[in-house]
Amino acid sequence: MRTATLGPAQRAESLAAMAERELDVLVVGAGVVGAGTALDAVTRGLSTGLVEARDWASGTSSRSSKLIHGGLRYLEMLDFALVREALKERGLLLERLAPHLVKPVPFLYPLQHKGWERLYAGSGVALYDAMSMARGHGRGLPTHRHLTRGHALRVAPALKKEALVGALQYYDAQMDDARFVATLVRTAVAYGAKAANRARVTGFLREGERVVGARVQDVEGGGEYEVRAKQVVNATGVWTDDTQAMVGERGQFHVRASKGIHLVVPRDRISSSSGLILRTEKSVLFVIPWGRHWIIGTTDTDWDLDKTHPAASSADIDYLLEHVNSVLRVPLTRDDVEGVYAGLRPLLAGESEATSKLSREHTVAHPVPGLVVVAGGKYTTYRVMAKDAVDEAVRGLDQRVADCVTEDVPLMGAEGYRALWNARARIAARVGLHVVRVEHLLNRFGAMAEEVLDLITADPTLGEPLQFADDYLRAEIVYAASHEGARHLDDVLTRRTRISIETFDRGTRSAREAAELMAPVLGWDKDHIEREVQHYEKRVEAERESQRQPDDLTADAARLGAPDIVPR
């Protein structure tokens with residue numbers, strides 16, 4: 001399979017091609033569901049377009065807990081169908097579709113009551129493992145085990161002795177959510193889809209009642225295109241209601257936003273060889289291993305303010321610190337927090353007033369001819385949501401269309417990944433990098449790591465680490481702009497890499513070097529570099545200021561102090 005490049009030239013060609021002839025399917029929104037829908041449609045042989053107003057995964061799909069999981073807590077709600085479906089998808093991703101991006105991660109569940117809790121929780125985790133194995137997709141993960149208090153404290157010395165009487169350890173999986181979506185988009189393009197980010201839908205084209213396409217504004221170039229399509233799929237997540245309003249149809253359901261925030265702290269602040277899962281009065285709290293860091297989250301609160309830049313308040317941060325510190329021997333403080341990010345879950349409203357009880361299942365509707373809406377769900381089951389959306393779109397096409405095949409379509413970088421992993425020491429010697437650097441590239445790009453290494457071979461200075469963010473090589477910054485569709489500094493520092501949450505300066509000290517690396521690819525002059533750096537610094541300061549505010553209203557106002565960058 002050939003690889004696809006999402007550079008500036010390819011973006012311009014895609015926009016022009018989408019406007020040139022009618023598509024079978026146009027997907028609006030390039031989060032994980034929209035990107036998955038584009039891949040599903042194009043691999044059924046349908047001519048497919050994908051447009052995104054901002055960047056790939058710039059909304060919910062880059063601000064999750066980074067977990068691919070069956071949803072252990074949904075077993076407690078007796079939602080066996082959702083858990084069974086998610087466990088199957090977890091297995092497919094680990095073993096077949098994206099082994100380079102999705103990795104096992106252990107979790108320790110401290111028990112606080114003798115006897116009954118071990119029986120109750122242990123039965124749930126045993127059922128979780130059994131459901132996974134029964135579908136034939138559990139082979140990639142170890143099964144759970146029961147630990148005494150002493151054993152648990154050896155696994156996680158950071159825990160207070162009095163915080164547990166024993167523990168359970170089980171496995172789920174994790175990924176870099178934004179990188180996963182970018183890979184989905186590239187895979188769809190490799191199979192023939194046309195995709196453009198920074199391409200905003202400003203309205204739908206109508207013929208009578210029927211939707212026959214969309215008006216698409218090129219946010220970068222300023223032009224507007226009429227993209228005609230036999231079926232349009234609205235996959236805009238928390239923006240679903242806003243998008244539906246463009247056709248005067250709210251539809252049969254309402255999507256409500258629930259805010260979840262996460263903290264990132266250095267790995268040495270919590271001494272543990274396993275992630276942690278803790279119960280709170282409202283939900284569960286995860287402490288998730290993340291390279292040289294931990295991710296701590298999440299909250300679950302109603303949000304009806306700005307959807308583009310949800311803000312974390314001081315109260316949100318204190319809530320997470322208070323709950324995690326209840327079990328830690330050495331408490332965390334604000335000074336330990338490297339990064340903070342906030343995301344919005346798109347929940348289907350109507351089941352309950354409490355957002356934590358709203359449905360994580362998805363729904364698909366055909367509110368008017370020519371327009372399909374898909375909403376709700378969870379990251380892990382994106383492929384099922386995409387299949388259901390395309391199935392619904394196909395019903396409106398006057399042609400025979402093949403069934404979904406994405407269960408057997410590995411993402412770009414998956415094929416050959418394990419062979420290259422086995423050869424990583426030889427590859428490191430060939431290119432003159434430490435083997436740890438090669439492992440890092442393989443786990444971010446899979447077999448496409450060879451393309452990054454080609455950049456280093458052509459210019460050895462790109463094999464050096466980025467200053468002040470030395471987990472990343474300079475070549476990765478260039479590659480983000482040349483191959484992965486990054487259009488702005490923000491795209492690279494917050495999504496193609498995670499420098500914005502993995503460094504105490506939030507990426508400000510790396511910003512200028514990164515912008516200068518992107519400049520030749522994107523045709524930036526010195527003034528443009530300066531604008532990008534200044535905008536990024538303002539964005540970081542606005543986020544810091546929002547995190548000093550006491551509540552959502554004031555945090556939202558502070559975050560909006562840094563507007564989105566507008567190309568000039």
Side-chain angles (χ1 to χ4, degrees), residues 64-96 99 102-161 163-175 270-280 283-290 294-298 323-324 327-328 360 378-381:
S64 74
S65 297
K66 324 295 185 215
L67 293 177
I68 295 291
H69 63 119
L72 185 57
R73 71 191 178 101
Y74 298 114
L75 273 184
E76 197 169 27
M77 301 176 189
L78 305 181
D79 197 341
F80 298 112
L82 181 61
V83 175
R84 190 179 299 111
E85 180 179 84
L87 286 172
K88 176 190 174 183
E89 295 304 311
R90 184 190 72 177
L92 283 171
L93 289 164
L94 276 165
E95 297 162 22
R96 184 188 306 168
V102 180
K103 304 293 180 183
V105 59
F107 283 104
L108 196 71
Y109 177 69
L111 300 170
Q112 296 176 316
H113 306 278
K114 289 187 176 178
W116 69 267
E117 190 183 15
R118 186 179 289 278
L119 180 63
Y120 177 75
S123 299
V125 176
L127 178 59
Y128 193 64
D129 282 346
M131 289 172 72
S132 174
M133 298 296 286
R135 296 301 295 262
H137 291 293
R139 294 185 300 276
L141 295 176
T143 55
H144 76 285
R145 55 181 184 156
H146 286 259
L147 306 181
T148 63
R149 177 160 65 181
H151 192 169
L153 291 172
R154 288 195 295 276
V155 171
L159 293 175
K160 293 177 183 174
K161 185 177 179 182
L164 70 164
V165 296
L168 296 168
Q169 188 171 49
Y170 75 98
Y171 280 77
D172 255 319
Q174 71 175 163
M175 47 65 216
I270 301 175
S271 176
S272 177
S273 59
S274 173
L276 306 173
I277 177 172
L278 312 169
R279 273 195 178 279
T280 71
S283 184
V284 294
L285 185 73
F286 287 103
V287 180
I288 305 162
W290 181 255
W294 297 98
I295 293 175
I296 302 168
T298 179
H323 279 81
V324 75
V327 300
L328 295 181
R360 294 313 302 275
K378 56 203 290 274
Y379 201 111
T380 303
T381 55

Closest non-hydrogen atom pair between [X] and [Y], with its separation:
X: P104; Y: Y171; value: CB-CD2, 4.4 Å
X: S132; Y: R90; value: OG-NH2, 3.1 Å
X: V102; Y: L94; value: O-CD2, 3.5 Å
X: L276; Y: A156; value: CD2-CB, 4.3 Å
X: Q169; Y: V155; value: NE2-CG1, 4.0 Å
X: L164; Y: A152; value: CD1-CB, 3.6 Å

From [X] atom [atom1] to [Y] atom [atom2], the distance as rounded to the nearest 0.5 Å:
X: T143; Y: Y170; atom1: OG1; atom2: OH; answer: 14.0 Å
X: M131; Y: R84; atom1: CE; atom2: CZ; answer: 4.5 Å
X: L328; Y: H323; atom1: CG; atom2: NE2; answer: 13.0 Å
X: R118; Y: L111; atom1: CZ; atom2: CG; answer: 5.0 Å
X: M133; Y: L87; atom1: CE; atom2: CG; answer: 11.5 Å
X: I277; Y: L108; atom1: CD1; atom2: CG; answer: 10.5 Å

Got [X] and [Y] here, is their nearest side-chain heavy-atom distance under 4.5 Å?
X: V327; Y: P110; result: no
X: V165; Y: Q112; result: no
X: I288; Y: F107; result: yes

Of all residues at least two apart in sequence or in a different chain, which pass the ring-ring contact (aromatic ring centres under 6.0 Å, His included) check with [X]?
X: Y128; result: none
X: H151; result: none
X: Y109; result: none

(request) Can you label the angle between the W116 ring and the Y120 ring as parallel, tilted or perpendicular, going by 30° and 60°? (result) tilted
(request) Taking side-chain contact (heavy atoms from CB on, under 4.5 Å) as the test, write out the residues that go with T380, two or more places apart. (result) I68, H69, A86, E89, K378
(message) Under the rule for side-chain contact (heavy atoms from CB on, under 4.5 Å), what residues qualify as partners of S271, not counting sequence neighbours?
(response)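 Per chain and number, S271 pairs via side-chain contact (heavy atoms from CB on, under 4.5 Å) with P157, A158.
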(request) Show your reasoning for whether side chain to side chain contact (heavy atoms under 4.5 Å, CB included) applies to D172 and L67. (result) CA-CA 8 Å; D172 255 319; L67 293 177; 5.6 Å; no
(message) Whether the side chain of D129 engages the backbone of H144 through a donor-acceptor N/O pair (distance < 3.5 Å, no angle test) should be reported.
(response) yes
(message) Keeping Q174 on the side-chain end and P289 on the backbone end, is there a donor-acceptor pair under 3.5 Å?
(response) yes
(message) The criterion is side chain to side chain donor-acceptor pair (under 3.5 Å); which residues satisfy it with H113, sequence neighbours excluded?
(response)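 If we apply the side chain to side chain donor-acceptor pair (under 3.5 Å) test to H113, skipping adjacent residues, there are no hits.
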